[in-house]
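First up is the structure itself, then whatever we jot down about it.
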Amino acid sequence: QVQLVQSEGGLVQAGGSLRLSCTASGRPFTDCSMGWFRQAPDKEREFVAGINWSGSTTNYADSVKGRFSISRDNAKNTLYLQMKNLKPEDTATYYCAAVVRASPVLTADGYPYWGQGTQVTVSS
């Protein structure tokens, strides 16, 4: 089992920045690849970014490339999502997720472990 606890989200103006974090426990963090997903009202949960166990490989949705950065600190068992140049369409509940494998999965159904979710609201 992997337990994931996310930091608070927040309200930010368009063009602003925000960093989310997600702390894991329950098994060695380096056993896991990690992902960030988001879900807006009345929409399906969508992949945002993924990172492999070491942090050497990352993947991004086209909609966030160049604006968001996923990273991890294995010494602190913590995953991060740095979001810059935020847009109103980034408004959603953001979730971190974990899977016990070396490389990340790009679909939500590939992740058995999820954080509690945190709201990010970007005002125009």
Side-chain angles (χ1 to χ4, degrees):
Q1 289 285 346
V2 179
Q3 292 79 44
L4 301 173
V5 178
Q6 297 180 224
S7 62
E8 296 284 332
L11 171 64
V12 62
Q13 289 188 334
S17 299
L18 195 62
R19 189 178 79 161
L20 304 181
S21 64
C22 169
T23 301
S25 62
R27 70 179 296 154
F29 191 48
T30 50
D31 285 353
C32 300
S33 288
M34 305 293 294
W36 286 101
F37 289 77
R38 67 187 181 186
Q39 189 166 17
D42 299 323
K43 291 189 177 180
E44 292 188 356
R45 192 168 297 190
E46 65 173 357
F47 172 79
V48 173
I51 189 167
N52 73 333
W53 71 275
S54 67
S56 62
T57 301
T58 56
N59 306 92
Y60 295 94
D62 288 343
S63 59
V64 306
K65 279 181 182 176
R67 300 188 298 120
F68 290 13
S69 178
I70 187 172
S71 63
R72 63 191 293 163
D73 185 337
N74 286 342
K76 295 182 178 179
N77 294 346
T78 301
L79 174 74
Y80 302 100
L81 184 68
Q82 177 68 53
M83 303 183 289
K84 297 181 179 180
N85 191 21
L86 282 159
K87 303 176 181 181
E89 51 263 43
D90 294 319
T91 295
T93 299
Y94 283 72
Y95 298 89
C96 63
V99 58
V100 180
R101 55 176 283 162
S103 56
V105 180
L106 305 188
T107 57
D109 59 7
Y111 289 85
Y113 307 110
W114 291 86
Q116 80 274 21
T118 187
Q119 179 67 36
V120 173
T121 303
V122 184
S123 63
S124 57

With a 4.5 Å heavy-atom cut-off, do Met34 and Pro104 have their side chains touching?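 Contact flag for Met34/Pro104 side chains = no.
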
Are Glu8 and Ser21 packed together at the side-chain level, in the sense that at least one heavy-atom pair is separated by less than 4.5 angstrom?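 They are not in side-chain contact.
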
Indicate yes or no for a side-chain donor-acceptor contact from [X] to the backbone of [Y] under 3.5 Å, with no hydrogens or angles considered.
| X | Y | value |
| --- | --- | --- |
| Arg72 | Phe29 | yes |
| Gln39 | Ala92 | no |
| Asn52 | Ser33 | no |
| Tyr80 | Cys22 | no |
| Gln6 | Tyr94 | yes |
| Thr30 | Trp53 | no |

Strictly by modelled atom types, are Gln119 and Thr121 linked by a side-chain donor-acceptor pair under 3.5 Å?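 Looking only at side-chain atoms, Thr121 and Gln119 do form a donor-acceptor pair, the distance falling under 3.5 Å.
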
Would Val64 end up clustered with Val105 when hydrophobic side chains under 4.5 Å apart are linked, directly or stepwise?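 In one cluster with Val64: Val105, no.
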
I'd like to know if Tyr95 and Leu81 are part of one continuous hydrophobic network [Ile/Leu/Val/Met/Phe/Trp/Tyr, side-chain heavy atoms within less than 4.5 Å].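 Looking at the clustering, Tyr95 is in a separate group from Leu81.
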
Step-by-step side chain to side chain contact (heavy atoms under 4.5 Å, CB included) determination, Thr93 to Thr118: CA-CA 5 Å; Thr93 299; Thr118 187; 5.9 Å; no

What residues form a side chain to side chain donor-acceptor pair (under 3.5 Å) with Thr91, not counting sequence neighbours?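 Testing Thr91 for side chain to side chain donor-acceptor pair (under 3.5 Å), a comparison that skips the adjacent residues, returns none.
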
Mind checking side chain to side chain donor-acceptor pair (under 3.5 Å) for Thr107 and listing every partner two or more places apart, or none if nothing turns up?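 With neighbours one apart ignored, the set is Asp109.
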
Among Val48, Ile51, Asn59, Leu20, which residue meets the side-chain contact (heavy atoms from CB on, under 4.5 Å) test with Ile70?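 It is Ile51; the other options fail the test.
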
Given side-chain hydrogen bond (donor to acceptor under 3.5 Å, both in side chains), test Arg101 with Ser103 step by step and report yes or no. CA-CA 6 Å; Arg101 55 176 283 162; Ser103 56; 2.9 Å; yes

Quick test of your reading of the model: are Lys87 and Asp90 salt-bridged, counting only N-O distances below 4.0 Å?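 Result for this pair is no, no salt bridge flagged.
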
Taking all atoms of both residues into account, what is the closest heavy-atom pair of Ala98 and Leu4, and its distance?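 Nearest pair, atom of Ala98 first, then Leu4: N-CD1, 3.8 Å.
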
Taking all non-hydrogen atoms of both residues into account, name the closest pair between Tyr111 and Trp114 and its distance.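 So the two residues come closest at O-NE1, 2.8 Å.
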
When you look at Trp36 and Met83, which way does the side chain to side chain contact (heavy atoms under 4.5 Å, CB included) test go after all the steps? CA-CA 12 Å; Trp36 286 101; Met83 303 183 289; over 6 Å; no

Using 0.5 Å steps for rounding, measure from the CZ atom of Arg67 to the NZ atom of Lys65.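 Going from the CZ atom of Arg67 to the NZ atom of Lys65 covers 13.0 Å.
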
Under the criterion side chain to side chain contact (heavy atoms under 4.5 Å, CB included), I'd like the reasoning laid out for Val99 against Tyr113: C-alpha separation, chi angles, the key distance, then a yes or no. CA-CA 7 Å; Val99 58; Tyr113 307 110; over 6 Å; no

Clusters formed by hydrophobic residues whose side-chain heavy atoms approach within less than 4.5 Å: which one holds Leu11, and what are its other members?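 Its cluster partners, ordered by chain and number, are none at all.
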
Over 60° means perpendicular and under 30° means parallel, so tell me whether Phe37 and Phe47 are parallel, tilted or perpendicular.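 Ring orientation, 0 to 90° scale: perpendicular.
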
Give the C-alpha distance, both sets of side-chain angles, the deciding distance and a yes or no for side chain to side chain contact (heavy atoms under 4.5 Å, CB included) between Gln1 and Arg27. CA-CA 7 Å; Gln1 289 285 346; Arg27 70 179 296 154; over 6 Å; no

